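Please read the structure below before turning to the comments.
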Amino acid sequence: MITLTERQSLILKAIVRDYTEGGNPVGSKSLVQELPMKVSSATIRNEMARLEDLGLIVKTHLSSGRIPSIKGYRYYVDHILKPEKVDSKDLKVIQHSLGGEFHKIDEIVAQSADILSQLTSYTTFTLRPELKDSRLSGFRLVPLGNHQVMAILVTNNGDVENQTFTIPNDLTGDELEPVVRFIDDQLIGLPLQDVLAKLQHEIPFQLAHYLQDPDGFLDIFGSVLSKAASERFYVGGKLNMFNYTTKSDPKEMQSLYSLLDQTDNLASVIGSPGQHIQVRIGNEITNDLLKDYSLITATYDVDQHGQGIIALLGPTAMPYSRMIGLMGAFQRELARKLLDYYRYFDE
């Protein structure tokens, strides 16, 4: 367990601040002017040598100054950092962007990823609130002609999913009507996860009373239901992550970009909703492709409707104090917007 003196903490704090803001190694001469106490350059050099011995700062090949190490950032985040109060301009941008009219929760969550990316210039992720309490409240099939139908599924919190399908030539709209009535009678009001479970076992046998070959309808209903119940990440500023990588191998760059389109991999990297705001730095992130990055995640709570996640991926040399303050504000504003949305549909 590393314990620093007050002066050593102030020096490490100044090095982190100067390096994350300016990108240049920090020397003792510049620190003389910055510390709130009067200290000689020689004393600062001695303290910096101690911080280097502890592995909290490192020397670069290009300068006599020092930069924070991954270990140094970790110590700073855990023991020194105080989140900055969010800038009033940033807060107005968040509130204005979330103040528009949205028709689906996914629209709000997707917009949130874009807003956060614009404010930070980093790659950002948002995950909608958990769907464990979402219930099926409506299902319709709308004929479009030429053997095409649109399947529309509605949940109790106002989510609407729709997909267009081509139905077999021997399946008519009249034959599908009793099937839709069966769903209305037997499945409306059930949690989506329960309906998915029934789709694997009971429903195929029950639909055999209405359809000679229920597979076509099962594909339609199963597809739109799975889409409604699936975990969805939204990504903002995909290309921003390349501004902070040391990778130059095209294959590694492709793997890095592809990671953002793989929901399962993203879920393992970002993790499940937890408490407060978490910071993972370098190798603390579970994917080796991201060892040059830091990941800040925040869980937002929407009461009985569950929890979701916002996250940003940036360089290890990010201004942590500002970013954590911004994430805290965004966390609160997004939760407030979603609560307003849910209240509208609960009325």
Side-chain angles (χ1 to χ4, degrees), residues 20 73-74 76-98 105-132 231-238 240-241 244 260 263 265-282 284-287 290 293-342:
T20 55
Y73 285 125
R74 182 78 268 166
Y76 167 77
V77 168
D78 290 345
H79 303 288
I80 300 175
L81 178 146
K82 291 183 179 177
E84 281 184 22
K85 185 177 179 182
V86 68
D87 181 89
S88 59
K89 288 196 299 184
D90 287 344
L91 186 57
K92 284 179 182 176
V93 169
I94 296 169
Q95 292 172 339
H96 177 74
S97 300
L98 292 176
I105 288 175
D106 285 24
E107 291 177 2
I108 302 172
V109 179
Q111 170 85 335
S112 298
D114 291 334
I115 301 165
L116 192 56
S117 176
Q118 290 164 16
L119 287 171
T120 61
S121 298
Y122 297 148
T123 298
T124 56
F125 311 92
T126 50
L127 173 67
R128 57 171 292 157
E130 300 160 300
L131 293 159
K132 60 185 179 185
E231 190 174 57
R232 266 164 281 178
F233 284 95
Y234 295 92
V235 183
K238 281 186 179 183
N240 291 344
M241 67 192 304
Y244 309 103
L260 303 185
T263 298
N265 286 340
L266 274 183
S268 67
V269 168
I270 294 172
S272 303
Q275 292 185 342
H276 308 302
I277 294 175
Q278 296 180 318
V279 180
R280 279 172 280 170
I281 304 170
E284 295 169 359
I285 305 174
T286 56
N287 193 299
L290 302 176
Y293 296 88
S294 285
L295 180 72
I296 302 179
T297 58
T299 296
Y300 62 90
D301 198 302
V302 202
D303 290 348
Q304 74 271 22
H305 300 287
Q307 296 177 317
I309 297 174
I310 55 175
L312 63 83
L313 183 72
T316 53
M318 72 165 66
Y320 292 96
S321 181
R322 175 177 176 261
M323 290 301 119
I324 291 174
L326 188 60
M327 289 284 279
F330 205 96
Q331 181 185 36
R332 293 187 293 274
E333 294 299 325
L334 178 56
R336 185 178 296 126
K337 176 65 180 181
L338 288 172
L339 280 170
D340 288 345
Y341 179 92
Y342 281 121

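Here the structure is a predicted model, which is why all the values come from computation and not from measurement.
- No side-chain heavy atom of E84 sits under 4.5 Å from any side-chain heavy atom of I324.
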- After noting the C-alpha distance and the side-chain angles of Y341 and V302, does the key distance pass the side chain to side chain contact (heavy atoms under 4.5 Å, CB included) rule? CA-CA 10 Å; Y341 179 92; V302 202; over 6 Å; no

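- Scanning all heavy atoms of the two residues, the minimum distance from Q331 to I310 falls at N-CD1, 3.8 Å.
- Under the 3.5 Å distance criterion, the side-chain polar atoms of S117 are left unmatched by any main-chain donor or acceptor of A113.
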- Message: I'd like to know whether I270 forms a side chain to side chain contact (heavy atoms under 4.5 Å, CB included) with L127, so could you lay out the CA-CA distance, the side-chain angles of the two residues, the decisive distance to 0.1 Å, and finally the verdict.
- Response: CA-CA 10 Å; I270 294 172; L127 173 67; over 6 Å; no

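- Two residues are said to be in side-chain contact when any heavy atoms from C-beta on lie closer than 4.5 Å; V269 and L295 meet this criterion.
- Y244 has its side chain out of reach of M318: every pair of non-hydrogen atoms, C-beta onward, lies at least 4.5 Å apart.
- Between T20 atom OG1 and Y73 atom OH the span is 6.5 Å, to the nearest 0.5 Å.
- Side-chain atoms of F330 and V86, non-hydrogen and from C-beta on, never get closer than 4.5 Å to each other.
- Atom NZ of K238 sits in a crowded spot, with more than 12 heavy atoms from other residues, nucleotides or ligands closer than 6.0 Å.
- Closest approach of I309 to S272, counting heavy atoms only: CD1-C, 3.7 Å.
- Neither side chain, Y293 nor T123, offers a donor N or O lying under 3.5 Å from an acceptor on the other.
- Atom CD1 of I108 and atom CG of L338 lie 5.0 Å apart (nearest 0.5 Å).
- For S97 against Q111, the heavy-atom pair with the smallest separation is O-NE2, 3.5 Å.
- Taking NZ of K92 as the start and CD of Q95 as the end, the distance is 9.0 Å to the nearest 0.5 Å.
- How far CD1 of I285 is from CZ of R280: 7.0 Å, rounded to the nearest 0.5 Å.
- The minimum heavy-atom distance between G282 and S294, with the atom names listed, is N-OG, 4.5 Å.
- T297 places no side-chain N or O within 3.5 Å of a backbone atom of A311 that could act as its donor or acceptor partner.
- Closest approach of A329 and L91 over heavy atoms only: CB-CD1, 4.5 Å.
- Between P273 and Y300, the closest side-chain pair of non-hydrogen atoms is not below 4.5 Å.
- Looking only at distances, a side-chain donor or acceptor of T126 sits under 3.5 Å from a matching main-chain atom of V109.
- Formation of a donor-acceptor pair under 3.5 Å by the S321 side chain with backbone atoms of K82 is found in this model.
- Residue pairs satisfying the salt bridge (charged side-chain N to carboxylate O under 4.0 Å, His left out) criterion with at least one member in residues 301-323, sequence neighbours excluded, are listed as follows: D90-R322.
- If you take OG1 on T124 and CE on M327, they are separated by 9.0 Å, rounding to the nearest 0.5 Å.
- Distance check: I94 CD1 to R332 CZ gives 9.0 Å after rounding to the nearest 0.5 Å.
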